[in-house]
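Since the structure comes first, as structure tokens, the remarks are kept for the end.
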Amino acid sequence: QNTVLVWIPCIYLWACFPVYFLYLRCHDRGYIQMSNLNKAKTALGLILWIVCWADLFYSFWERSQNFFLISPTVLGITMLLATFLIQYERMKGVQSSGVMTIFWLISLLCATVIFRSKIILALNMGAEVDAFRYVTFCTYFILLLVQLILCCFPEQPPLFSETKPCPEFSASFLSRITFWWITGLMIQGYRRPLEAKDLWSLNKEDTSEEIVPGLARNWAKEWAKTKSLVVLFKSGILGACMTHELIANSSLHRLLINFVNDKHAPNWQGYFYTGLLFVCACLQTLILHQYFHICFVTGMRLKTAIVGVIYRKALVITNSARKTSTVGEIVNLMSVDAQRFMDLATYINMIWSAPLQVILALYLLWRNLGPSVLAGVAVMILLVPINAVMAMKTKTYQKAQMKSKDNRIKLMNEILNGIKVLKLYAWELAFREKVLEIRQKELKVLKKSAYLAAMATFTWVCAPFLVALSTFAVYVKIDKNNVLDAQKAFVSLALFNILRFPLNMLPMVISSIVEASVSLKRLRVFLSHEELDPDSIIRPRLNYVHFNFSINFTVPEGSLIAVVGQVGCGKSSLLSALLGEMDKKEGHVVVKGSVAYVPQQAWVQNATLKENIIFGREMNESRYKRVIEACALLPDIEILPTGDRTEIGEKGVNLSGGQKQRVSLARAVYCNADVYLFDDPLSAVDAHVGKHIFEKVIGPKGILKNKTRVLVTHAVNYLPQMDTILVMSDGEISEMGSYQELLKQDGAFAEFLRTYANAEQSMENSGKLQTLGLYFPRLKISIFNRQLSNSSTYSRETGKSQHQSSTAELQKPLAEKNSWKLTEADTAKTGRVKATVYWDYMKAIGLFISFLSIFLFMCNHVASLASNYWLSLWTDDPVINGTQQYTNVRLGVYGALGISQGLPGLPIVLLAGGIFASRHLHLNLLHNVLRSPMSFFERTPSGNLVNRFSKEIDTIDSTIPPIIKMFMGSTFNVIGACIIILLATPIAAVIIPPLGLVYLFVQRFYVATSRQLKRLESVSRSPVYSHFNETLLGVSVIRAFEEQKRFIKQNDMKVDENQKAYYPSIVANRWLAVRLEYVGNCIVLFAALFAVIARNKLSPGLVGLSVSYSLQVILLLNKKIRMSSELETNIVAVERVKEYAEMEKEAEWSIEQTAPASTWPEEGKVEFRGYGLRYREDLDLVLKNINVTINGGEKIGIVGRTGAGKSSLTLGLFRINEAAEGEIIIDGINIAKIGLHDLRFKITIIPQDPILFSGSLRMNLDPFDQHSDEDIWRSLELAHLKNFVSALPDKLNHECAEGGENLRYIKETLVCLARALLRKSKILVLDEATAAVDLETDNLIQSTINNSVSVLKSVVECGSPDSLLQEKGIFYSMAKDSGLV
């Protein structure tokens, strides 16, 4: 008493001190001010030290034995250490300390034993009592008790804490180990559905900015070893404690059965064992869930780190490396692969703790049954290679499945990016087939995996049973006198159940490691891609551009340089080289100062117009206004619903090409850089707008007149104003000089000018209209312009633009202005998952299969119960002459019942059903998305759709079926366990129902919160993908403006926002498990208690059975609750996939009754009768009362200022938007009456933005394989592509990259022309297809498609170009603005 019991707490504290001290030094949470609580703790610590040393001095004075000197000395020093730690914790911001709470608890428990013996001694009359020591000890004991109580209260938070901090760190130690601190959120979630604003901010060490740099650093030094090791060490210690607890339980089980057997044992023993069993179970609960919590948090951090590292890498990889990893693959790395690492973190400790549990259980079995255990071990060893083979097969299937998944997501990404083209060409069916073809491969692999999984399940279910059977069989057979009594049988069974857990887990762990290794390999490939060299450009202090590759030139500061040349001669590559985007082979590039870049294809973010222009710079009102005016954006801003606060959709869907280009230009001008690189920005805007921009921005008198400007252009008319002109051909500079110098040289440049000047001259002669004169036989053409969601209106009376809609808009109160949003964020549903969702899933599986699997489950569990009940009857057989009768019969029946529970039919049925459901749900989702109208895609960010097709479908494929299997298994197991307990001790009927009610209440209470958190997590995941997609598209712009840091920060914020919902959901899981396990622990307590009370009436066999089942109930309840909540949270995926089934749809694709003849339209006559069109129900008409007749074979030009409604007319003709009034008649058929595909197959458009899909060139021209090779070559010849395609190694099978990236922009336009020609339509629409091409290509297109012109809105003027010019109306004023008259 004076040594061991005193030293135990001291040893504990000194052992913890070094590790804890280091931990506190590294984890500073801020400084806590001295509070009354802290003063009290410190004072008590010092008083304890004084009490101990008073004892010491008393011993010196008494000259007593050594241990009276040593113990108080050690204890006194320990109390000083404890006092030091109390203060040190305060300075490091620890609000409640686990180490100290445990120290005071151990001290108090040890002191209680001494205290008891001192009281017994004092009560003993004859004994003499040392009064001084007695008083000091009582003081010591009371002080310890007070310290322990004070330790249960947390300190105040450190100074300067964040907003809405997570209550975890301010909670006391007790609250933390029982997860009590989240109860507030649970109550809130139970009362009303949670929203994003209810969530706490993330703990600092869980945020991206803390975690990602760590992984990035360690990636170089070998994969994140250090961080994970500390955490794994922590969780490892807990894992070891857990194993120890399991073993303690089985020993207590044995003692309890022995107690029931021994009729002379005193009653207190039974109650003592029961109490101990309960305490052990409670400790096991607390330790187990701390372990899980640490693992889950580690998993979460891993995912954050991986997403962050991938994002950062995507910003620096070279363009050639970008081509090897498609967007689909990278999105999968972020969603699916990061998830695999998260799952692995939970299981990784099993690698060592599972074998440890197996060894310990086998040792105890050996003690119980002797060498016959070896038979069981042999069976286990036999099963190892089987499992290993299965794991290897699973890995191959896993790889194949991931590959198909990547391809499918990549294709879906392209379909969503090019959905407009798909609709205009009526190609939805062809692409649906392509997706389904990939999906079919994916499902084939899934099916194989399912059969494998079924086999694996069979072996796992049978393994523990076969081990038990072989062990019992050998045990009773080797010696007649070996009797299988209750203690041997049920303690062994309990140990076999302990074995079942690690044996079941090992295959899961192995497959989890296999999956993670596949993912790690994919991640390694991506992270080891080549990066851009930041030093490829030298940035000195002087202000000029100096360039020296095989190309040499220097641009003086503040000069204006034009770069001209034929298509594909390397103009854009020159700019890329100046930006450091090309691989530098030799020479050097020097760029002084900051750079602004305007790319050829404008990149617009999904943000407001203003945010797009300011692009992260500081707001300067006067500069902003100047920039907007110079870039001709004022009229556009007036038109937009909420001015410059209007949200621009993804990829700028609600802006026309010209507007996007002007926004892109304004962004560059606003940033006030030193060097400006323009990649042909004027080609996408109308002529008069181009003139305005050149004068106000780029030209010698523009805003940028003092800046260095490099302009790639095809516009000949601006060249005389340039300081220097670079003429390029075949990647080299052929001439260089001013306009006059180059004309004098009479070289390639002069030749180039003459070609275009002649072309323009001849056009001007035919009506002074260089942009409109076209030579054109047999085809009827409409040349259309841009699209705008809403537009200004010309009125016939005044001929002026009145902006009717916009003046009303500008007068709207601000609140209403701000409410207009184009894109819809992913929304979370609220409340319980409706029963219809489960019913839908069952229907997707097939009702027969659903009910069959439920029936099979019942048979399975009845067999399992019967086999154990049979065992209890066997153990109660009387022993005659040292042996039991009927051993063979007992053994045979036991074996038969056991084997029948592992029938492989069951998992196969269920998993096959799961695959049916996957196929059905994906097909529906795909079909519904393709049938949605264009407005749906403009409103819905592609991230939402990609999220549905990647994450949600992945959940339906591979998460839901196994969860259903485990859910059903655990449900039947719990019911079975309760039946057995009731059979053994009918008195338990009093306890089980109330505990069942508590259990149900806790579960319902929990699911309300957990489900909503899962939904919030799912919804906050979409913006991560959307932002990532957007970044990949605009990566060269982000790099040019050096905005990488800001984008990384945005990405981190979005990831943290996502983890903010995930973190409470893992804590809520633990909260639930701890509470439920306590319910389970109560069942164990009562089962054991009733067995002790009624021990005289019960047979040992039934007691053994009852207690072994009650011990299982904890695990079963825990598993059941986990599975039911997992099922409910994952079935949300089905709900989210079904969501799109209820969306509005386009008109039918084909209607048999009204389908036109196959030769229609024979003439191609188009009539608009009183036609009107609006974009959305709540907006004004964009086209009003249009009446025009266009005869077959006529060639029509449609002109009008931006936003006059030119493109709207095309949209109406193709029924992308349905008519609001009036009708369109083609060759006597009202187009609104026929199917969409019947209409769109017959008319053809060459759209403004050329879009190609990845796949062969042939597929891009003819996805339905309707045309012969001859036809295709003919159309390529007409489109001037025959020579280009013939030169390709694979000819028509040439693979186009994602988004046509490996073809030049110009070639893409010509491919789109060939595609249009191949359809041989009577009606061809050009939506300003030649806007962004050079003059040469323009000529090619015009010569291929070779004169009344109508001005459109409420059609104001109509006639031939010449007659309209003479009328001097609107048409004349437009021509004048463009400098054509």
Side-chain angles (χ1 to χ4, degrees), residues 418-431 774 776-785 787 934 1149-1150 1156-1166 1190-1198 1206-1207 1209-1217 1224-1227 1229 1231 1234-1253 1257-1268 1271-1272 1274-1281 1308-1331 1333 1340-1346:
I419 189 73
K420 192 164 179 185
V421 171
L422 243 61
K423 293 210 167 296
L424 290 169
Y425 283 113
W427 278 0
E428 293 102 331
L429 288 170
F431 277 82
L774 298 172
F776 201 86
R778 86 189 167 71
L779 276 176
K780 177 191 64 43
I781 298 250
S782 320
I783 301 175
F784 282 112
N785 205 321
Q787 156 195 4
M934 205 50 224
W1149 279 342
S1150 58
S1158 58
T1159 54
W1160 176 87
E1162 286 165 5
E1163 185 187 350
K1165 179 181 178 185
V1166 183
I1190 301 169
N1191 294 314
E1194 281 188 336
K1195 184 164 57 65
I1196 303 291
I1198 296 184
K1206 303 183 294 286
S1207 285
L1209 207 62
T1210 14
L1211 299 182
L1213 190 61
F1214 281 85
R1215 283 176 62 196
I1216 294 290
N1217 290 61
I1224 301 178
I1225 309 287
I1226 298 182
D1227 280 7
I1229 290 183
I1231 64 168
I1234 60 176
L1236 289 179
H1237 282 185
D1238 296 336
L1239 167 71
R1240 292 173 186 168
F1241 269 130
K1242 300 294 186 177
I1243 52 181
T1244 300
I1245 184 169
I1246 303 179
Q1248 203 171 338
D1249 300 320
I1251 289 189
L1252 297 186
F1253 300 95
L1257 193 58
R1258 194 202 160 96
M1259 191 283 306
N1260 267 296
L1261 293 169
D1262 176 28
F1264 287 100
D1265 276 336
Q1266 292 169 324
H1267 300 279
S1268 65
D1271 288 349
I1272 294 178
R1274 173 94 188 95
S1275 71
L1276 286 173
E1277 190 176 350
L1278 286 171
H1280 305 275
L1281 277 174
E1308 289 180 45
T1309 310
L1310 292 176
V1311 170
C1312 292
L1313 174 64
R1315 184 194 281 169
L1317 294 172
L1318 190 60
R1319 292 169 72 128
K1320 302 192 177 75
S1321 301
K1322 284 288 194 308
I1323 300 173
L1324 174 60
V1325 180
L1326 279 152
D1327 187 355
E1328 231 183 296
T1330 63
V1333 297
L1340 288 178
I1341 294 177
Q1342 307 297 13
S1343 67
T1344 303
I1345 307 175
N1346 272 316

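All heavy atoms count here, side chains included; hydrogens, waters and symmetry mates do not.
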Q) Do any N or O atoms from the side chain of Asn1191 and from the backbone of Lys1165 form a donor-acceptor pair under 3.5 angstrom? A) no

Q. For Ala430 and Pro1263, which heavy atoms make the closest approach, and how far apart are they?
A. CB-CB, 3.8 Å

Q: Could you tell me which residues satisfy ring pair (Phe, Tyr, Trp, His ring centres under 6.0 Å) with Phe431, sequence neighbours excluded, listed by chain and number?
A: Phe1253

Q.
Evaluate Leu1276 against Leu1261 for side-chain contact (heavy atoms from CB on, under 4.5 Å), listing each step before the verdict.
A. CA-CA 10 Å; Leu1276 286 173; Leu1261 293 169; 4.0 Å; yes

Q: Check step by step if side-chain contact (heavy atoms from CB on, under 4.5 Å) holds for Arg1315 and Leu1252.
A: CA-CA 11 Å; Arg1315 184 194 281 169; Leu1252 297 186; 3.3 Å; yes

Q. If you round to the nearest 0.5 Å, how far is CG of Leu1318 from CG of Asp1262?
A. 5.5 Å

Q) CD1/Ile1198 to CG/Leu1209 distance, rounded to the nearest 0.5 angstrom? A) 5.0 Å

Q: Taking side chain to side chain contact (heavy atoms under 4.5 Å, CB included) as the test, write out the residues that go with Thr1159, two or more places apart.
A: Ala1157, Glu1162

Q | All salt bridge (Lys or Arg N to Asp or Glu O under 4.0 Å) counterparts of Glu1277, not counting sequence neighbours | A | Lys1282

Q: Work out which heavy atom in Ile1231 is nearest to a heavy atom in Leu1239; give both atom names and the distance.
A: CG2-CD1, 3.6 Å

Q: Please work out which of the three classes, parallel, tilted or perpendicular, describes the rings of His1237 and Phe1241, given edges at 30° and 60°.
A: perpendicular

Q: With rounding to the nearest 0.5 Å, note down the distance linking CD1 in Ile1226 to CG in Leu1213.
A: 5.0 Å

**Q.** Test side chain to side chain contact (heavy atoms under 4.5 Å, CB included) applied to Lys1242 - qualifying residues, sequence neighbours left out
**A.** Trp1160, Pro1161

**Q.** Pairwise distance CG(Leu1317) to CG(Leu1324) - rounded to 0.5 angstrom
**A.** 7.5 Å

Q: Could you give me the CA-CA distance, side-chain angles and deciding distance for Phe1214 and Leu1236, then say whether side-chain contact (heavy atoms from CB on, under 4.5 Å) is met?
A: CA-CA 8 Å; Phe1214 281 85; Leu1236 289 179; over 6 Å; no

Q | Residue list, salt bridge (Lys or Arg N to Asp or Glu O under 4.0 Å) with Arg1215, at least two apart or on another chain | A | Glu1218

Q) Roughly how far, to the nearest 0.5 Å, is CD1 of Ile1229 from CD1 of Ile1224? A) 14.0 Å

(Q) Set out, in order, the CA-CA distance, both residues' side-chain angles and the distance that settles side-chain contact (heavy atoms from CB on, under 4.5 Å) for Arg1240 and Ile1216, then state yes or no. (A) CA-CA 10 Å; Arg1240 292 173 186 168; Ile1216 294 290; 3.9 Å; yes

Q | Side chain proximity check, Ile419 to Met934, heavy atoms < 4.5 angstrom | A | yes

Q | Expected output: side-chain Asp1238 to main-chain Ser1150 donor-acceptor under 3.5 Å | A | no

